[in-house]
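In what follows, a single structure is set out as structure tokens and then discussed.
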Amino acid sequence: MTSDKHLKARIRARMARTGERYAEARRHIVGLGREHTDHGYALRGGVHPETANITNVLHHHGREISEAMVLGVGGGLGAGYILWEFAAHDAPVLTLGFRHRWNYLDWTDATLTRLGVPFRAERTGGARKAQAALTAALEAGHPAIVVPDRQFVGYWHLPAHLDGLGGHQVVAYAHTGGGVRLDDRNLGPLTVDSARLDRARARVGSYRNCLWEIEGPGGTDLAAAVLAGLGDCLAGLGGSSTSFALPAWRKWARSTADVRAAKGWPTVFAGGTGVVGALLSIWEGVEPVGATGGHLRDLYARFLDEAAVLLRAPDLTACGDRFREAAAAWHAVAEAALPADVPDYRQLRELSADLAAAVTLGDEGDGERSASAAALWAARAELDRRPPVDPDFPALATAIETAYETESVAVDQLRNAVRSLVP
């Protein structure tokens with residue numbers, strides 16, 4: 001038990017230093033977690049759900065492409081901050097978006113099309129038709145991307161009050177007995193009961209029973225696809241929207257410390273109720289733990305490194321370095337939100353990382369997932385009632401503002417580099 005605890009501490013330390021997801025950091029430290037083949041499908045892990053899904057399915061069809069390249073071709077980075085206040089919830093729910101068009105399902109269609117991948121997209125309101133479409137895809141040997149509700153699908157062991165609040169895309173790649181094997185960046189087989197998956201896919205109306213059946217590796221002029229993706233990133237992240245572009249971060253920074261605005265954090269979280277949950281949501285949303293893969297700035301830097309070679313454009317490598325600086329700035333945001341020198345916060349961070357680690361183990365990690373999730377949500381509920389320290393909203397606002405400024409410099413440098421590539 002002691003050695004396991006120390007191993008996890010080393011893995012978490014590497015994650016904090018490198019921005020890697022738990023599975024990737026674990027590979028480097030212990031040499032385990034190499035890809036596992038299940039029903040002819042290789043489990044290879046990944047950082048971000050949507051980009052890892054496409055990367056891993058294309059690998060299954062024999063096309064080698066990096067997750068970083070998929071991210072870049074798909075438009076790269078985005079920005080998004082929403083603080084939801086639902087009447088049915090005791091506390092606000094924080095949503096952060098870091099991928100281009102992070103709140104739109106058409107990102108998947110557009111990215112597959114740009115990569116020249118043959119696919120069939122289907123959406124139906126009927127459970128039987130949805131089940132039949134998935135069965136047909138799997139019987140044809142075509143892993144399919146689906147979107148189950150994260151709470152209802154079960155293996156994240158989320159509390160009941162998060163039922164219906166959404167989820168992320170995963171790959172369904174095989175039937176086995178009464179279940180379906182899923183790839184959610186796990187490194188061991190992960191099985192969900194077929195009926196449960198059917199209900200989880202139908203749970204959220206905005207993407208009820210969505211399915212993308214990828215039929216082969218496809219191919220395209222990758223250089224042209226990269227240039228198009230760079231253009232999308234500059235138009236999106238580098239745009240003027242205060243909801244979906246860089247100004248969203250400045251808007252968030254200002255609202256975090258604004259004591260007069262109705263949506264300012266000092267007002268929304270007056271009395272402390274729910275503030276720990278929001279701070280944990282920042283840490284889980286920004287760092288490469290939890291469900292969504294984190295801020296993605298370091299992954300995009302890797303794309304720029306690859307693009308520099310492909311396009312023979314060394315200036316893109318320097319741009320990648322700027323986005324690595326942005327990644328470090330986002331890490332500072334996470335640290336400002338949930339500082340490790342507060343013991344109760346450190347416990348929350350460790351429990352969250354342990355839950356993410358257990359998901360990578362697949363079916364073998366279910367007991368550990370259940371225990372980590374129960375401890376995490378119990379601790380979160382207790383600290384939401386009794387925050388261990390007063391939140392330092394000004395420090396958090398400063399960290400977010402710094403991330404905004406650092407990222408703005410990176411975008412400006414990228415814009416200049418791309419301008420020199422386009423006649």
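The CG atom of Leu396 sits 7.0 Å away from atom CG of Leu279, with the distance rounded to the nearest 0.5 Å. Atom OH of residue Tyr81 and atom CG of residue Leu83 lie 4.5 Å apart, to the nearest 0.5 angstrom. Taken from CG in Leu134 to CG in Asn209, the straight-line distance is 10.0 Å, to the nearest 0.5 Å. Remark: Gln347 CD to Leu376 CG distance equals 9.0 Å, nearest 0.5 Å. The SG atom of Cys233 sits 5.5 Å away from the CZ atom of Phe323 when rounded to the nearest 0.5 Å. Separating the CG atom in Leu230 from the CG atom in Leu311 is a distance of 7.0 Å, to the nearest 0.5 Å.
By the 30° and 60° cut-offs, the orientation of the rings of Trp377 relative to His161 is perpendicular. Ring geometry for Trp252 against Trp265 counts as tilted: the plane angle lies between 30° and 60°, on a 0 to 90° scale.
Of the possible polar contacts, one joining the Asp149 side chain to the Gly164 backbone as a donor-acceptor pair under 3.5 Å is found. Judged by distance alone, with hydrogens and angles left aside, the side-chain atoms of Glu284 form no donor-acceptor pair with the main-chain N or O of Ser352 at under 3.5 Å. Panel note: side chain Glu67, backbone His48; a donor-acceptor pair is recorded below 3.5 Å. Remark: the backbone N or O of Gly45 is paired with a side-chain donor or acceptor of Asn56 at under 3.5 angstrom. Checking side-chain atoms of Thr360 against main-chain N and O of Ala357 turns up a donor-acceptor pair under 3.5 Å. Looking at Thr398, its side chain does come within 3.5 Å of a backbone N or O of Pro394 through a donor-acceptor pair. The backbone N or O of Gly178 lies less than 3.5 Å from a partner atom in the side chain of Ser194, making a donor-acceptor pair. In this structure, Asn53 contributes its side chain and Gln169 its backbone to a donor-acceptor pair below 3.5 Å. The closest donor-acceptor contact from the side chain of Arg346 to the backbone of Asp341 lies at 3.5 Å or more, if one exists at all. Of the possible donor and acceptor atoms, one in the side chain of Arg369 sits under 3.5 Å from a partner among the backbone N and O of Gly362.
Looking at His60 and Val171, their side chains never come closer than 4.5 Å, going by heavy atoms from C-beta outward. No side-chain heavy atom of Val192 sits under 4.5 Å from any side-chain heavy atom of Val180. Using a 4.5 Å heavy-atom cutoff, the side chains of Ser255 and Lys263 are not in contact. By the 4.5 Å heavy-atom criterion applied to side chains, Leu58 and Thr55 are not counted as neighbours. Residues Leu351 and Leu355 fail the side-chain proximity criterion, which asks for heavy atoms closer than 4.5 Å. Contact annotation: the side chain of Leu77 never approaches that of Phe303 to less than 4.5 Å [non-hydrogen atoms, C-beta and beyond]. Taking the side chain as every heavy atom from C-beta outward, Ile54 and Trp212 never approach each other to under 4.5 Å. Looking at heavy atoms from C-beta onward, Asp363 lies in side-chain contact with Leu190 at the 4.5 angstrom threshold.
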Check your understanding: Step by step, would you call Arg324 with Arg297 a side chain to side chain contact (heavy atoms under 4.5 Å, CB included)?
Key -> CA-CA 6 Å; Arg324 289 184 180 90; Arg297 272 55 187 163; over 6 Å; no
Point to revise | Test log, rule side chain to side chain contact (heavy atoms under 4.5 Å, CB included), inputs Tyr155 and Asp184 | key: CA-CA 10 Å; Tyr155 57 85; Asp184 188 359; 2.8 Å; yes
Check your understanding: Passes side chain to side chain contact (heavy atoms under 4.5 Å, CB included), Leu182 versus Leu197? Steps please.
Key -> CA-CA 10 Å; Leu182 298 183; Leu197 179 62; 4.2 Å; yes
Check your understanding: Yes or no on ring pair (Phe, Tyr, Trp, His ring centres under 6.0 Å) for Tyr345 and Trp283, after CA distance, side-chain angles and deciding distance?
Key -> CA-CA 10 Å; Tyr345 288 170; Trp283 190 81; over 10 Å; no
**Study point:** Test log, rule side chain to side chain contact (heavy atoms under 4.5 Å, CB included), inputs Leu316 and Leu414
**Key:** CA-CA 7 Å; Leu316 292 179; Leu414 181 60; 3.8 Å; yes
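Taking every heavy atom of both residues into account, Arg380 and Leu280 meet most closely at CD-CD2, 3.9 Å. Here the shortest heavy-atom pairing between Ala79 and Trp102 reads O-NE1, 3.2 Å. Taking all atoms of both residues into account, the shortest heavy-atom contact from Arg201 to Gln131 is NH1-N, 4.5 Å. Here the shortest heavy-atom pairing between Pro143 and His61 reads CD-NE2, 4.2 Å. Between Leu296 and Leu71, the shortest heavy-atom distance links the atoms O-CD2, 4.1 Å. Residues Arg63 and Val117 come closest through the heavy atom pair NH1-CG2, 3.8 Å.
Under 4.0 Å is where a charged nitrogen must lie from a carboxylate oxygen, and between Asp305 and Arg302 no such pair does. Classification of Arg199 and Asp193 as a salt-bridged pair fails, no side-chain N sitting under 4.0 Å from a carboxylate O.
Here the options are Arg101, Arg114, Arg99, the test is salt bridge (charged side-chain N to carboxylate O under 4.0 Å, His left out), and the partner is Asp232; only Arg114 passes.
In the model, Glu407 has a side-chain atom that pairs as donor or acceptor with a side-chain atom of Trp249 under 3.5 Å.
In Glu364, the CD atom is not crowded: 12 or fewer heavy atoms of neighbouring residues, nucleotides or ligands sit closer than 6.0 Å.
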